[in-house]
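In what follows, a structure is listed as structure tokens, so that the remarks can point back to it.
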Amino acid sequence: MTSTESLLLPLFASTIMPGEYIFTYLARLLYYSPHSLMPRFWQWPSGMRHVLESIPELVGSLDYVKRNCTWLPAITRCLPNERMEAVVGHFENATQLGLMALLGMSGPRTGWAKSLLARCPVCIKEDLAGDGLPFFRREHLLAGIRFCGRHKMPLHVPCERCLDFEAFPAYTRHAGFHCGCGLKPIPGAEALPAHFAALEIEMSQIVTRLLDASYLPHLNHEGIGRLIGARSQELGIVDGNFFRAETAIKVVNDSRFRPLIERTGIVVERSDSAAKLFKGTKVVRSPLGLVALAGAMFPDWADVERRAADAIPEVPRTPLVFRPPEVRAEARQARINWMSRNGERWFKYYAQKYETEHKLHPEKNHMQLMRLLPHGAALYLTEESLKARGYPVPDFRDPVQYYKKLDKSLSLHVKGRKRHIEKTNCKRRGTKTFLVTGHRMASIYANPEILPHLIETRAALAYCEETKAAFKERMGRTRHVH
Ligand SMILES: [Zn+2]
Ligand SMILES: [Zn+2]
């Protein structure tokens with residue numbers, strides 16, 4: 001901090017409130033002063049140690065802030081030690097690359113966890129800081145939270161601009177402020193059926209408790225794994241060391257927490273990662289996921305609290321019992337014998353079905369045809385076995401077929417783009433390049449080895465391409481209209 005800044009600060013300063021999110025506190029504190037203390041990103045600010053240690057009279061200690069004004073107490077519960085250290089290090093010291101991956105917040109299944117500068121319209125009337133301005137509560141800003149657990153109502157947000165701290169920091173000076181747009185319930189929270197809303201409220205309340213480091217201290221990475229592992233054994237989801245997917249699916253389907261499981265992106269299926277999750281060898285990485293999963297496996301959250309009140313003992317593991325080699329060899333021989341007696345009959349049975357589907361769907365490839373057949377077909381039919389017995393198998397590696405398909409899809413794409421340009425009165429000229437943009441082959445379709453095969457596409461491009469004159473005229477027309 002420069003000396004001017006330190007001189008100015010106390011004029012406007014009010015201390016941080018317990019439960020106030022550190023980043024928005026700084027935004028509130030520093031709005032009226034020229035500041036170098038403001039981190040750029042509000043969700044996972046880094047390098048906070050030197051900032052906080054320069055204003056101890058306002059924020060107390062670094063430790064106080066971590067416990068009371070960040071999400072760290074809830075987030076770090078789910079992380080193994082080395083990740084926890086990396087995440088805390090990011091907050092205190094320097095930016096940690098790949099932070100979202102460390103937090104399990106990267107990847108296709110994390111879309112549910114949107115971070116919004118959300119606020120509860122009732123809380124902002126009650127939560128006033130020393131300067132008389134309402135502050136942002138940390139539990140309302142945690143990614144994926146949609147309800148205020150205290151007031152049992154959807155969190156609210158202002159307009160896009162007021163939500164974009166990085167671009168318009170002035171619109172985020174405190175939780176009650178907005179540009180005049182007003183506050184609306186966050187998307188997806190307003191129209192929920194009552195029982196789902198009640199679940200969301202319950203989740204918010206539990207997550208708020210998890211933000212308190214003294215709440216169930218045994219519910220940490222190791223404890224969560226043990227708790228889920230032991231419960232899976234009790235429910236028969238894990239039997240010895242064997243994962244019974246159908247039991248897991250049934251338990252989750254019968255649970256009232258099922259909507260939360262689905263919303264938090266936990267997939268309960270027959271897979272290696274689901275097996276690890278229920279055995280407790282892999283731990284769900286977000287506190288919301290933890291609430292959903294543990295909530296679905298116990299009758300009530302109070303049961304989770306009872307189980308986690310004391311240290312959670314390690315789950316005893318029964319080793320897998322393997323059948324002796326001679327028994328396995330016998331079973332293998334029995335399978336071979338059965339196949340030699342019945343294999344041909346079943347092959348014919350499925351191959352006929354395959355042939356019928358192929359005639360009905362000439363555009364489908366081998367894999368797609370196989371998906372139309374009963375599951376057992378895969379035991380008998382392969383591309384090779386079908387070809388060997390003279391059944392026609394679609395082959396799109398055949399260049400003639402390949403170019404035909406490509407020509408069809410690219411020419412349709414071009415025509416679609418042309419319609420789009422006209423409909424939206426696009427400000428760009430419909431050049432050839434612009435017409436093919438967005439197609440997977442856009443960058444190489446004009447390759448001299450490919451283009452000659454694309455007869456329809458060339459015709460479509462010739463027809464759809466917009467000349468400079470036509471473009472000028474279209475733009476002129478628009479100006480005229482307005
Ligand atoms: Zn509230
Ligand atoms: Zn606004």
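When a ligand or atom number is given, it counts from 1 through the structure's own listing order. Since the structure is predicted, the reported quantities are computational estimates derived from the model, not experimental observations.
- Of the residues Arg119, Arg28, Arg138, Arg137, the one that meets the salt bridge (Lys or Arg N to Asp or Glu O under 4.0 Å) test with Asp127 is Arg137.
- Using cut-offs of 30° and 60° for the angle between ring planes, the Trp42 and Tyr21 rings count as perpendicular.
- Closest N/O/S atom of His151 to the Zn ion (ligand 1): ND1.
- The SG atom of Cys120 and the SG atom of Cys148 subtend an angle of 110° at the Zn ion (ligand 1), given to the nearest 10 degrees.
- Between His174 and Phe177, the ring planes are perpendicular. Angles over 60° get that label, and only those under 30° would be called parallel.
- Using a 4.0 Å cut-off between charged side-chain N and carboxylate O, Glu262 and Arg258 make a salt bridge.
- At distances below 3.5 Å, not a single donor-acceptor pair connects side-chain atoms of Ser255 with backbone N or O atoms of Val251.
- Relative ring orientation between His439 and His413 is described as perpendicular, the plane-to-plane angle rising above 60° on a 0-90° scale split at 30° and 60°.
- Looking only at distances, no side-chain donor or acceptor of Arg150 sits under 3.5 Å from a matching main-chain atom of Cys123.
- Listing protein N, O or S atoms at distances below 2.8 Å from the Zn ion (ligand 2), with waters left out, gives Cys159 SG, Cys162 SG, Cys179 SG, Cys181 SG.
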